[in-house]
Amino acid sequence: MQIKLSMLSDEHKEIASVIGVEAFLRLCEHYGGSNLYIPKRDSVIRYVRDTEIKNEFDGGNYRKLARKYHLSESHVRKIVANSDAKYLVHKQTDIFDFL
């Protein structure tokens, strides 16, 4: 059966119009019946940025990383010092894996 955007409820049309009908149906197959939390875009970007900073940290390049990422040196120090437990988001399934 070919499902088109016009066949969906208004609530589902909104999601399907953003990601596409096929991706919406795959999302339904995988997460159907469960609650799904979608993080804010800024949260995802911040996580990626902080991960890059941690990966690029060589033990003393705080100033270089601060300039590269337009942050204060003290903020870079906090990012590097924080444990990965704060950033558990990377252990969750990425919605874009299904698109």
Side-chain angles (χ1 to χ4, degrees):
M1 173 182 221
Q2 180 70 24
I3 298 179
K4 297 179 181 171
L5 188 63
S6 61
M7 299 171 158
L8 300 175
S9 70
D10 288 341
E11 178 184 10
H12 298 146
K13 278 182 193 173
E14 187 175 347
I15 297 168
S17 68
V18 171
I19 66 173
V21 174
E22 288 303 314
F24 175 71
L25 293 173
R26 287 194 305 272
L27 201 60
C28 291
E29 286 175 22
H30 192 76
Y31 291 104
S34 65
N35 292 322
L36 177 65
Y37 170 76
I38 307 291
K40 290 183 178 181
R41 186 177 193 271
D42 290 347
S43 174
V44 174
I45 291 169
R46 185 174 38 256
Y47 166 76
V48 171
R49 180 204 65 197
D50 292 358
T51 300
E52 288 178 354
I53 289 171
K54 289 177 182 184
N55 289 338
E56 294 174 29
F57 181 64
D58 66 8
N61 59 339
Y62 298 104
R63 180 172 289 159
K64 178 181 176 185
L65 292 171
R67 277 184 292 205
K68 179 177 179 180
Y69 291 98
H70 307 288
L71 300 169
S72 68
E73 197 172 323
S74 63
H75 194 79
V76 171
R77 288 179 183 275
K78 287 177 187 175
I79 292 168
V80 170
N82 282 337
S83 70
D84 287 341
K86 181 178 177 183
Y87 301 99
L88 290 176
V89 124
H90 73 284
K91 295 186 187 288
Q92 296 176 356
T93 302
D94 186 350
I95 188 172
F96 297 106
D97 291 342
F98 301 99
L99 300 180

State which residues pass side chain to side chain contact (heavy atoms under 4.5 Å, CB included) with [X]; sequence neighbours excluded, sorted by chain then number.
{"X": "S9", "value": "E11, H12"}
{"X": "K13", "value": "L5, L8, D10"}
{"X": "S72", "value": "S74, H75"}

First locate atom [atom1] of [X], then atom [atom2] of [Y], and finally report the distance between them rounded to the nearest 0.5 Å.
{"X": "L36", "Y": "H30", "atom1": "CG", "atom2": "NE2", "result": "9.5 Å"}
{"X": "L27", "Y": "I15", "atom1": "CG", "atom2": "CD1", "result": "7.5 Å"}
{"X": "I53", "Y": "R77", "atom1": "CD1", "atom2": "CZ", "result": "13.0 Å"}

Practice item. Output every pair passing salt bridge (Lys or Arg N to Asp or Glu O under 4.0 Å) with a member in residues 31-44, not counting sequence neighbours, ordered by first then second residue. Key: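 Listed by first then second residue: nothing to list.
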Point to revise | Shared hydrophobic cluster, I79 / I45 (ILVMFWY, side-chain heavy atoms < 4.5 Å) | key: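 No; I45 is not reachable from I79 via cluster members.
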Show me the donor-acceptor pairs within less than 3.5 Å that the side chains of residues 60-67 make with the rest of the protein, sequence neighbours left out.
| unit_1 | atom_1 | unit_2 | atom_2 | d |
| --- | --- | --- | --- | --- |
| N61 | OD1 | D58 | N | 3.0 |
| N61 | ND2 | E56 | O | 3.1 |

Exercise for review: Would you check if S43 and Y47 make a side-chain contact, meaning some heavy-atom pair closer than 4.5 Å?
Suggested key: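 Not in contact.
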Review point. Which residues pass the salt bridge (charged side-chain N to carboxylate O under 4.0 Å, His left out) test with R49, sequence neighbours left out?
Key: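 R49: no salt bridge (charged side-chain N to carboxylate O under 4.0 Å, His left out) contacts found.
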Practice item. Check the surroundings of atom CD in E52: do more than 12 heavy atoms from other residues, nucleotides or ligands lie under 6.0 Å from it? Key: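 Atom CD in E52 is crowded, with more than 12 foreign heavy atoms closer than 6.0 Å.
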